[in-house]
Amino acid sequence: MGRLIAMTNKTVEDLISRSNRLGADKRNTNFAGGNTSAKGTEKDPVTGEDVQLLWVKGSGGDLGTLKAENLAVLRLDRLNALKNVYPGVEREDEMVAAFDYCLHGKGGAAPSIDTAMHGLVDAAHVDHLHPDSGIAIATAVDGEALTTKIFGNKVVWVPWRRPGFQLGLDIAAIKEANPQAIGTILGGHGITAWGATSEEAEQNSLWIIEQAEKYIKDNGKAEPFGPKLPGYAVLPENERRAKAAALAPVIRGLASTDKPQLGHFSDDAVVVDFLEAAEHPRLGALGTSCPDHFLRTKVKPLILDLPADASIEDSIARLHELHADYREDYQAYYDRHADEDSPALRGADPAIVLVPGVGMFSFGANKQTARVAGEFYINAINVMRGAEAISTYAPIEESEKFRIEYWALEEAKLARMPKPKSHATRIALVTGAASGIGKAIATRLAAEGACVVIADLNLENAEKVAEELGGPDIAIGVQADVTNEAQVAAAIDAAVLAFGGVDLVVNNAGLSISKPLLETTEKDWDLQHNVMAKGSFLVAKAAAKVMIAQGLGGDIIYISSKNSVFAGPNNIAYSATKADQAHQVRLLAAELGEHGIRVNGINPDGVVRGSGIFAGGWGAKRAAVYGVDEEKLGEYYAQRTLLKREVLPEHVANAAAVLTSNELSHTTGLHIPVDAGVAAAFLR
């Protein structure tokens, strides 16, 4: 019923439109940050009488993409009645569970901690936002005086208070006592504005944001972060990206000490400008302030304290030292503030790592979380710039940060997260992945939670497949000729910069030319060996370097063939190179095992449907060899198997998914036949 009402009520339509406009501009609020609400009337379907309702963005929603189903729907009379049973600020967390007793119908999305702020304030429309300019005022050491100076009596200062029922009561009281006010600056946090109409609330929110921006621009000092540090200027793009690619696997390995993480790299001008300024070590150590910021970025980043031209070797050595210090410091932070009721420490690794001259590496449980963490730290830099431009940056106390980070309500929210899929946090690169077996494998790995790099000769097709799989938070497409070492290196670098590293490689790129010995040319031989034997070697070498640097183990899969062990007619070049690939599996399994890298192979046969190789002429030639029509080739192959089943690309993908899952964590050097049973190709 809540959803039905939301879809037919103009109040809700206006709320959705306003929210989407506000959320579309990052100056107004960050991803999934802030919330909006509207109060209105609907018919109660049980009594037929009018009932006053509150529609408010539910827990976890994002304003920019908000839809009706992302709203919580509550009865205002019951919500206001909670004031009569409120047990006080020491027990205010109990009120979140009480919101469930205020829901209208099925209630829509789960109510967030900020529901009280919206429901208790006597205004039809309320916005709570996290604009950089507003938080700059909120985190200035003299923020209260600045609020009066900038906004007069139209905006009222609210001292820092953790989000919750009491903050809602505080803001409601402020609005009642200040009828001329259109909103508040929440100390250390953000802004709240209101209006009698949706348009008025939106305009009031934007006015506060714009006035704060204008004041900072007109009155701010020229170098809020101090003078530039010699040697800390941003590197030229090629050098910057090369250094980032070299450091990323090491940094990801460090950030994954407690649990595997995915990464995101940004060399945004906001970041590199901050890192070349003299005050960046001081400000970085102070950490972020807005709860949405430090919940994503942790209380502070790890900052490499070396100039931009420091060598890769020196940078890696220093990063290891700083990481050890960071973990020790984070443990001490936890120990200073935890009590017997605190949730267990969730991990002591940094979520943000800053490298002068290069940029920012951010981490999370998935690519979107990692990317958004970086976006939030850019917000935090903008906040620090604004505060330092007109005053001194003064974030909330460390003890308050801990109360937010290790909040029982936050722990409960994390506990509600769905169980990770089998390949979550894993980064896969699949060659020849724009069609056939490669595409099927990439699709399956993405479905199992992996981030996937679609590497193919045809860039347009690779990018199309990546888009089909969900776009850049799931997959990217890269052009790669596996016979070219530079292109292979570029593909691996693309994976590293997109997702933080490489955990899983599938050597699938291939082709075949079916000819008898006397008709097989040197060119035929070289082409097939270059693509499959040499290409697999180059990809495995480049990937193994990254995997070893990460220290997280890994998987290398070779898509070999039944023909690697079966002697068929008119197939000398293809079968010989497949045998080469098959032995590479054994050789690399023996060599890379000490690094926790598993190397296994898959031997398909008769994969006709969806196969790029068969479509490229191989099918017609094999059909001629066996004396059948080409369109009947799949059926022919099926009938010669023990199971009488046709092999499809998806069956090979199934084997790749199992081989690279934890189900076969102790298996390496294995070849799995996916051929429906060809006795002549039985192994051993």
Side-chain angles (χ1 to χ4, degrees), residues 243-244 246-268 270-272 274-275 280-306 310 315-337 344-381 384 395 398 401-402 404-406 410 414 425 427 496-497 499-501 549-552:
K243 190 170 184 179
L247 294 178
V250 174
I251 294 173
R252 179 180 177 230
L254 294 174
S256 300
T257 299
D258 288 318
K259 56 187 176 183
Q261 300 283 288
L262 283 169
H264 176 75
F265 172 69
S266 173
D267 53 3
D268 190 288
V270 171
V271 176
V272 292
F274 174 64
L275 291 174
H280 84 261
R282 172 181 67 85
L283 293 167
L286 288 173
T288 54
S289 185
C290 176
D292 265 18
H293 291 183
F294 61 75
L295 279 174
R296 302 273 191 161
T297 66
K298 283 198 165 174
V299 288
K300 62 183 178 181
L302 185 158
I303 305 177
L304 179 62
D305 53 0
L306 294 177
S315 297
I316 289 173
R318 185 58 179 150
L319 282 165
H320 278 278
E321 294 173 351
L322 291 169
H323 178 252
D325 292 343
Y326 187 99
R327 288 178 60 82
E328 184 177 324
D329 183 65
Y330 188 86
Q331 181 69 59
Y333 153 76
Y334 179 86
D335 293 341
R336 278 194 297 276
H337 304 294
L345 188 146
R346 298 194 193 101
D349 297 318
I352 303 291
V353 177
L354 303 173
V355 178
V358 177
M360 171 175 59
F361 301 85
S362 54
F363 297 93
N366 53 56
K367 169 63 180 183
Q368 184 194 59
T369 302
R371 174 177 56 78
V372 170
E375 292 175 0
F376 274 58
Y377 199 76
I378 288 175
N379 289 132
I381 293 173
M384 290 186 279
E398 181 186 90
K401 293 182 184 182
F402 183 86
I404 295 284
E405 186 177 1
Y406 285 92
E410 183 66 23
L414 293 172
T425 73
I427 303 159
V496 164
L497 293 177
F499 302 116
Q550 289 175 153
L552 301 173

Novice: Testing Gln368, Lys367, Arg371 for side chain to side chain donor-acceptor pair (under 3.5 Å) with His264, which one passes?
Specialist: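 It is Lys367; the other options fail the test.
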
Novice: Taking C-beta and beyond as the side chain, do Leu345 and Tyr330 meet within less than 4.5 Å on heavy atoms?
Specialist: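 Leu345 vs Tyr330: side chains touch.
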
Novice: Hey, are the side chains of Pro281 and Ile303 touching, using non-hydrogen atoms and a 4.5 Å cut-off?
Specialist: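 Side chain of Pro281 against side chain of Ile303, heavy atoms only: no contact under 4.5 Å found.
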
Novice: Specify the closest pair of heavy atoms between Arg318 and Leu306, including all atoms of both residues, with the distance to one decimal.
Specialist: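 Reported closest heavy-atom pair: CB-CD1, 3.8 Å.
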
Novice: Taking everything shown except Glu328 itself, do over 12 heavy atoms lie less than 6.0 Å from its CD?
Specialist: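 Atom CD in Glu328 is not crowded, with 12 or fewer foreign heavy atoms closer than 6.0 Å.
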
Novice: Within the structure provided, determine whether Tyr377 and Ser362 are in side-chain contact (heavy-atom separation under 4.5 Å).
Specialist: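 Result no, sub-4.5 Å side-chain heavy-atom pair not found.
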
Novice: Rounded to the nearest 0.5 Å, what's the gap from CD1 on Ile352 to CD1 on Ile378? Could you check?
Specialist: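 Separation between the atoms: 9.0 Å.
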
Novice: So which heavy atom on Thr369 is nearest to which on Gly364, and how close?
Specialist: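 Looking at all heavy atoms of both residues, the closest pair is CG2-CA, 4.0 Å.
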
Novice: Tell me whether the rings of Phe361 and Phe265 are parallel (<30°), tilted (30 to 60°) or perpendicular (>60°).
Specialist: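 Rings of Phe361 and Phe265: tilted, as their planes differ by 30° to 60°.
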
Novice: Strictly distance-based, threshold 3.5 Å: is any side-chain N or O of Arg252 a donor or acceptor partner for the main-chain N or O of Leu262?
Specialist: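 Checking the backbone N and O of Leu262 against the side chain of Arg252, no donor-acceptor pair under 3.5 Å is found.
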
Novice: Test your reading of the model: is there a side-chain donor-acceptor pair from Asp267 to the backbone of Gly359, 3.5 Å cut-off?
Specialist: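 Between the backbone of Gly359 and the side chain of Asp267 there is no qualifying donor-acceptor contact (under 3.5 Å).
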
Novice: Answer whether the closest heavy-atom distance between the side chains of Leu319 and Leu302 falls below 4.5 Å.
Specialist: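 Side-chain contact under 4.5 Å: yes.
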
Novice: Test side chain to side chain contact (heavy atoms under 4.5 Å, CB included) on Asp349 and Phe363; report intermediate values, then the result.
Specialist: CA-CA 10 Å; Asp349 297 318; Phe363 297 93; over 6 Å; no

Novice: Passes side chain to side chain contact (heavy atoms under 4.5 Å, CB included), His320 versus Ile316? Steps please.
Specialist: CA-CA 6 Å; His320 278 278; Ile316 289 173; 3.7 Å; yes

Novice: So, Phe376 versus Phe294, ring centres under 6.0 angstrom or not?
Specialist: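 For Phe376 and Phe294, the ring centres are not under 6.0 Å apart.
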
Novice: Going by heavy atoms in the side chains, are Pro356 and Leu304 under 4.5 Å from each other?
Specialist: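 A side-chain contact under 4.5 Å exists here.
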
Novice: Between His323 and Leu254 (side chain of the first, backbone of the second, donor and acceptor by atom type, cut-off under 3.5 Å), is there such a pair?
Specialist: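 Present.
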
Novice: Show the numbers, then the answer: is there a side chain to side chain contact (heavy atoms under 4.5 Å, CB included) between Val271 and Ile381?
Specialist: CA-CA 7 Å; Val271 176; Ile381 293 173; 4.2 Å; yes

Novice: Output, in order, the C-alpha distance, side-chain angles, deciding distance and verdict of side chain to side chain contact (heavy atoms under 4.5 Å, CB included) for Asp268 and Met360.
Specialist: CA-CA 8 Å; Asp268 190 288; Met360 171 175 59; over 6 Å; no

Novice: How long is the span from the CG atom in Leu552 to the OG atom in Ser256, to the nearest 0.5 Å?
Specialist: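 Here the interatomic distance stands at 5.0 Å.
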
Novice: Hey, does Ile251 have a side-chain heavy atom less than 4.5 Å from the side chain of Val355?
Specialist: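 In short, these two side chains touch, coming nearer than 4.5 Å.
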
Novice: Side chains of Tyr333 and Lys298: closer than 4.5 Å at any heavy-atom pair?
Specialist: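 Tyr333 vs Lys298: side chains apart.
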
Novice: Atom CD1 in Ile404, atom CG in Leu295: separation rounded to 0.5 Å?
Specialist: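 Here the rounded value is 6.5 Å.
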
Novice: Tell me whether Glu398 is salt-bridged to Lys401, with the criterion being a basic N under 4.0 Å from an acidic carboxylate O.
Specialist: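 No, Glu398 and Lys401 are not salt-bridged.
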
Novice: Is the backbone of Ala365 close enough, under 3.5 Å, to the side chain of Lys259 for a donor and an acceptor to pair up by distance?
Specialist: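 No, because the side chain of Lys259 does not come within donor-acceptor range (under 3.5 Å) of the backbone of Ala365.
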
Novice: Against the six-membered ring of Tyr406, is Arg346 placed for a cation-pi contact (under 6.0 Å from the centre, within 45° of the normal)?
Specialist: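 Checked: cation-pi criterion met.
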
Novice: Within the 4.5 Å heavy-atom criterion, are Leu286 and Arg282 side-chain neighbours or not?
Specialist: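 Yes; the side chains approach each other to less than 4.5 Å.
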
Novice: For Ala244 and Leu497, which heavy atoms make the closest approach, and how far apart are they?
Specialist: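 Closest approach of Ala244 to Leu497: CB-CD2, 3.7 Å.
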
Novice: Say whether, by atom type as modelled, one donor and one acceptor occur between the side chain of Tyr326 and the main chain of Lys300 under 3.5 angstrom.
Specialist: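 Yes, because the side chain of Tyr326 sits within donor-acceptor range (under 3.5 Å) of the backbone of Lys300.
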
